[in-house]
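The structure displayed is predicted, hence computed values, not measured ones. The analysis underlying the following values was restricted to heavy atoms, covering all of them including side chains, and did not include hydrogens, waters or symmetry mates. Remember, it's 1-based here, ligands and their atoms both numbered in the order they're listed.
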Amino acid sequence: MTSLSVEPKANGVKASATGKTRAEKALARFHEEDRLGEGLDANILAGLWPFMRPHAKWLVLSLGLLLMGSGLAVLQPWLMGRTFDAFEHPGAAETLMQMGALILVLKLFEQSIAFPQVYLMQLAGARASGDLRAHVFRFLHTRKLGFFDRTPVGRLVTRVTNDVDAINEMFASGTLNALGDLVRLVLIVVVMLRRDWQLALITFVAVPPVALGVMWTRRRIRDAFREIRVKTARMNAYLNEQISGMAVVQAYAREEQSALEFDDINEAYRQANNRSIVFDAALDAAIELVQSLCIAAVLWYAGVRSLSDRVSFGTLVTFVAYIEMFFIPIRDLSARMTQLQSALAGAERIFQLLENKDEDAPVPAAAEAQAEKKDDTIAFELDHVDFEYKPGVAILRDVSIRAGKGEKIALVGATGAGKTTVASLLLRLYEAKQGSVRVFGRDVRNAPRDELRKSFAVVPQEVFLFPGTIASNIAAGDIEVDRARVVRALERIGALDLFERREGGLEAKVEERGSNFSAGERQLIAFARALYRDPPILVLDEATANIDSDTEARLQKAVWAAMQGRTALIIAHRLSTIRAVDRIVVFHKGRVVEQGSHETLLAQGGAYARLYQLQFSRTEAHAAE
Ligand SMILES: Nc1ncnc2c1ncn2[C@@H]1O[C@H](COP(=O)(O)OP(=O)(O)OP(=O)(O)O)[C@@H](O)[C@H]1O
C-alpha cells in the first residue's frame, strides 16, 4: 500500500521534516517581540504629551480652524435646502442669487482655512516626531553595551524609524481631524432633527449596527496593526543581519537558503498586512451600502408620506446631502481610529524601549561602599574581579592586574581566554560581577562615563571607520577637525606619506565601515586616532590578521609611537610588541596564571613558555625566513 504524504502548511508556509517552518527556524534567532497589552491608550497618549507640548500652539490653532471648517461644511446643505424651498415662493430669483453668492463665499472661506489647518497639524506632528526620534536616539547612547548584545539592531532601527513614522502619520493623515468629524456628526444630527424628525429617525436607525460593526472591525484592525509592527521589526532585524553579513552569505553561497528564509518572513509580513487590508476594505464597502440604503429609505418614506403630507424638495435635497455627509465622518472616524491604533502601537513599542533600565550611568552607592584607594602611582587596577556576560557563565575569575603609571602591560593567552573582556571592564563597557575596577584610583562605577573614557584611547582588533574622510576619522571625537594634530599623529606613527599618497590625501573619502581601506590601513588610522586624542592610557587589541611586510613595519612603529609617554594595556599577538612591554600577564580560561617580564616567564618554563613556543617562536621563524 502506498501512503500519501501531505505536507502540512502553516500560514501558507511549508513546514520542514522537523515540524518547524523555515521561517520559525530563521526567526528563532531573533527574539520575538512581546505582544503588547490592551487598554494602555490613555497612558500612551500621556507619554506622548511631553513631545507634543512644545508644539501644542500649532496643534490648538489647527484644531480651532478644523472646528470652524466643520461648522461651515454643515451649514452649506442647510442653505442649499433653503434655496430649493425658495423656488416655491414668489421672488425666488432674488433669493436664489443671494443664496448662491453666500454659498460661494462660505465655500471659498472653508477652502481657504483648509490649507493652514492641514499645514499646522502636520508641522506640529513633524516637529514632535523629530523630537521623539532624537530622544530615542540619545537614549540608545546611554544604554550599556550588554543591552546591544541582547537586542537585534534591526529592532532598534525599527523603533527610531517605522514606529516614530507611525506617530507622525497620525498627524499627517489627519487622525486628529476625528474631532472635527465628531462635531460635524453632532451638528448634522441636530439640523436633521430640526428639519424633519421622522426622516431623521429613519436615518438614525442605521447608526447602532454601523457603530457595532465599526467597533468590531476596529478591534481586529488594531490587532492586525500590532502584528504588522512585529513582522516589520523581524524583517528589519533579518535584513540587517543579512546585509551586514553579505560577505559570508556570498562566500558560503548561502544566497538560496537566505532567499528561502526571507520568502517566509516576507510572506508572514504580507499576510499580516492582508488582514488589515481585508478588514479596512470590508468596512468601507459596508458603510457605503448602509449609506445608499438610508437614502433609498428616506426617498421611499417621503414618497409614502407625500400622499397625505407633502415633504418639500428642499428638505429632500438637504437630507440626501446630510446622509452622504453623515456616513463620511463615521467611515473616516473608523479609518482614523485605525491610524490612531497604528500610532499607539508604535508609541507603545517606543515607550517599552524607553523603559529599559540598563543605563550606562555611575553607581554612587557601589562606590560609597567601596573605599577609594588613592595611589598616585597606579594608572589602573583590577582587584579580584569576577565577570560573566551571561548569568552562570564565568568569563573572568578572580583577576587582579595593577598597572603603574607609564607601565606597558601585555595580555597574552589562548583565544577566548578573556583578554578583550579585561579592556572592556576598564572602560566600564561592562561591569564586574565581583571585585572592583579602578582607573587613577577611582572606582569606574563611580566615574561619569565621559570623564572615564577620556582617559583612554582604544585601538580595537576590528577597526570601525565612519563614513567621512581620513582626517575626520582620525579626529573621531571632534566635530571640528584639527588638521595640524591629524598630520602630527600620522607623522608620529610614520604613516603620513601612505595616506597623503592616496587620491584626495587626508580628505580622501572613507566609505561606509571603511570598506575602501585595507585591514592594515584601518589599523593605522586607529593608531592615529589614538595619538590625536592623546589620552593617558592606551588600550590596544592587536589584530591577528596577516598583513604585508610594509604595513607590518609601519604598524610596529605605530605601536611603539602610540605607547610612548603613557600607560598601555596591549592584547598582544606580535612578538615585537611582547618584547616592547614591561610586564606580561598570561591568561588561561579567565584566570591570570602568570605575570612577569618576557625573560622571567621564559625562564619559569610555565604557561607563557609553552605559549611562546607554540605561537611566537613560529612567528619569529617566519620573520627570519
Ligand atoms: N558580548 C559578549 N557576550 C557574550 N559572550 C561574550 C561576549 N564577548 C565575548 N564573549 C565570550 O567571552 C569569552 C572571552 O572573550 P574575549 O573576547 O575576552 O577573549 P579574548 O581572550 O580577547 O580572545 P581573542 O584573543 O580571540 O580576542 C569568549 O568565550 C567569548 O565567547
Side-chain angles (χ1 to χ4, degrees), residues 29-31 140 143-156 237 240-241 244-245 248 356 358 360 380 382 384-401 403 409-435 437 444 456 458-464 519-520 522-523 526 537-547 555 559 568-578 581 583-595 601 607-608 610-616 618-619:
R29 297 200 298 274
F30 306 110
H31 326 265
L140 291 179
R143 296 305 92 188
K144 288 178 183 163
L145 216 53
F147 167 74
F148 298 96
D149 290 343
R150 290 190 304 274
T151 321
V153 181
R155 187 187 296 179
L156 298 176
N240 192 290
E241 183 205 61
S244 309
V248 180
N356 175 279
D358 290 340
D360 181 9
F380 65 79
L382 276 82
H384 297 289
V385 167
D386 287 355
F387 174 76
E388 49 195 40
Y389 287 104
K390 288 183 188 147
V393 186
I395 299 291
L396 297 185
R397 294 163 231 239
D398 197 27
V399 169
S400 293
I401 303 172
I409 293 183
L411 300 186
V412 300
T415 181
K419 304 175 302 283
T420 306
T421 306
V422 169
S424 302
L425 292 182
L426 280 180
L427 278 106
R428 200 169 139 254
L429 298 176
Y430 296 91
E431 273 171 26
K433 185 183 167 212
Q434 281 289 324
V437 179
V444 291
F456 293 92
V458 182
V459 180
Q461 217 175 76
E462 295 240 339
V463 178
F464 187 91
R522 286 202 290 268
Q523 282 272 326
I537 305 174
L538 170 79
V539 172
L540 162 61
D541 201 345
E542 275 186 344
T544 47
N546 281 327
I547 33 188
L555 279 175
V559 173
L569 176 77
I570 296 159
I571 298 159
H573 297 292
R574 285 192 188 82
L575 194 65
S576 53
T577 316
I578 299 266
V581 300
R583 187 152 46 100
I584 297 164
V585 177
V586 187
F587 264 79
H588 184 63
K589 294 188 178 165
R591 286 183 194 278
V592 173
V593 289
E594 284 173 10
Q595 292 201 44
L601 292 178
Y608 178 74
R610 280 195 299 280
L611 198 74
Y612 179 79
Q613 283 305 323
L614 272 172
Q615 197 177 336
F616 301 116
R618 213 183 312 131
T619 321

Nearest heavy-atom approach of Arg397 to Lys589 is NE-O, 3.6 Å
As a test of the contact definition, would atom 3 (N) of ligand 1 count as having a protein heavy-atom neighbour under 4.0 Å? yes
ask   = Can you find a protein heavy atom under 4.0 Å from atom 14 (C) of ligand 1?
value = yes
Of all protein heavy atoms, the one nearest atom 26 (O) of ligand 1 is Thr415 OG1, 2.4 Å
Review point. Looking at ligand 1, does any of its N/O atoms fall within less than 3.5 Å of an N/O of Thr421?
Key: yes
query: Going by heavy atoms, is Tyr430 under 4.0 Å from ligand 1?
result: yes
*Check: Ile395 N/O within less than 3.5 Å of ligand 1 N/O*: no
- Close approach of Gly418 to ligand 1, heavy atoms, under 4.0 angstrom: yes
Below 3.5 Å, can you tabulate the donor-acceptor pairs from side chains in residues 409-425 to any protein atom, sequence neighbours excluded?
residue	atom	partner	partner atom	Å
Lys419	NZ	Gly413	O	3.0
Lys419	NZ	Ala414	O	3.0
Thr420	OG1	Asp541	OD2	3.0
Thr421	OG1	Tyr389	OH	2.9
Ser424	OG	Thr420	O	3.3

Practice prompt. May I ask you to test the Leu396-Phe587 pair for a side-chain heavy-atom distance under 4.5 Å?
Written response: yes
the protein heavy atom lying closest to atom 25 (O) of ligand 1 turns out to be Lys419 NZ, 2.8 Å
of all protein heavy atoms, closest to atom 10 (N) of ligand 1 is Tyr389 CE1, 3.3 Å
- request: Check whether any side-chain heavy atom of Ile537 sits under 4.5 Å from a side-chain heavy atom of Leu569, and report yes or no.
  value: no
Practice prompt. Indicate yes or no: at least one non-hydrogen side-chain atom of Tyr430 is less than 4.5 angstrom from one of Asp149.
Written response: yes
Closest non-hydrogen contact found for Val593 with Ala607 is CG2-CB, 4.1 Å
Quick look: Lys390 vs ligand 1, heavy-atom contacts under 4.0 Å, and the answer is neither
Side-chain heavy-atom pair Val539, Phe380 within 4.5 angstrom cut-off: no
min-distance protein heavy atom vs atom 23 (O) of ligand 1 -> Gly416 N, 2.9 Å
For atom 22 (O) of ligand 1, the closest protein heavy atom turns out to be Thr420 OG1, 2.5 Å
Asp386 meets the side-chain hydrogen bond (donor to acceptor under 3.5 Å, both in side chains) criterion, sequence neighbours left out, with none
- prompt: Is there at least one pair of N or O atoms, one from Asp541 and one from ligand 1, spaced under 3.5 Å apart?
  reply: no
Gln461 heavy atoms within 4.0 Å reach ligand 1 at atoms 27 (O)
(Q) With a 4.0 Å cut-off on heavy atoms, is Asp149 in contact with ligand 1? (A) yes
- [ ] Check whether any side-chain heavy atom of Leu426 sits under 4.5 Å from a side-chain heavy atom of Val437, and report yes or no.
- [x] yes
Side chains of Arg583 and Gln595: closer than 4.5 Å at any heavy-atom pair?
-> yes
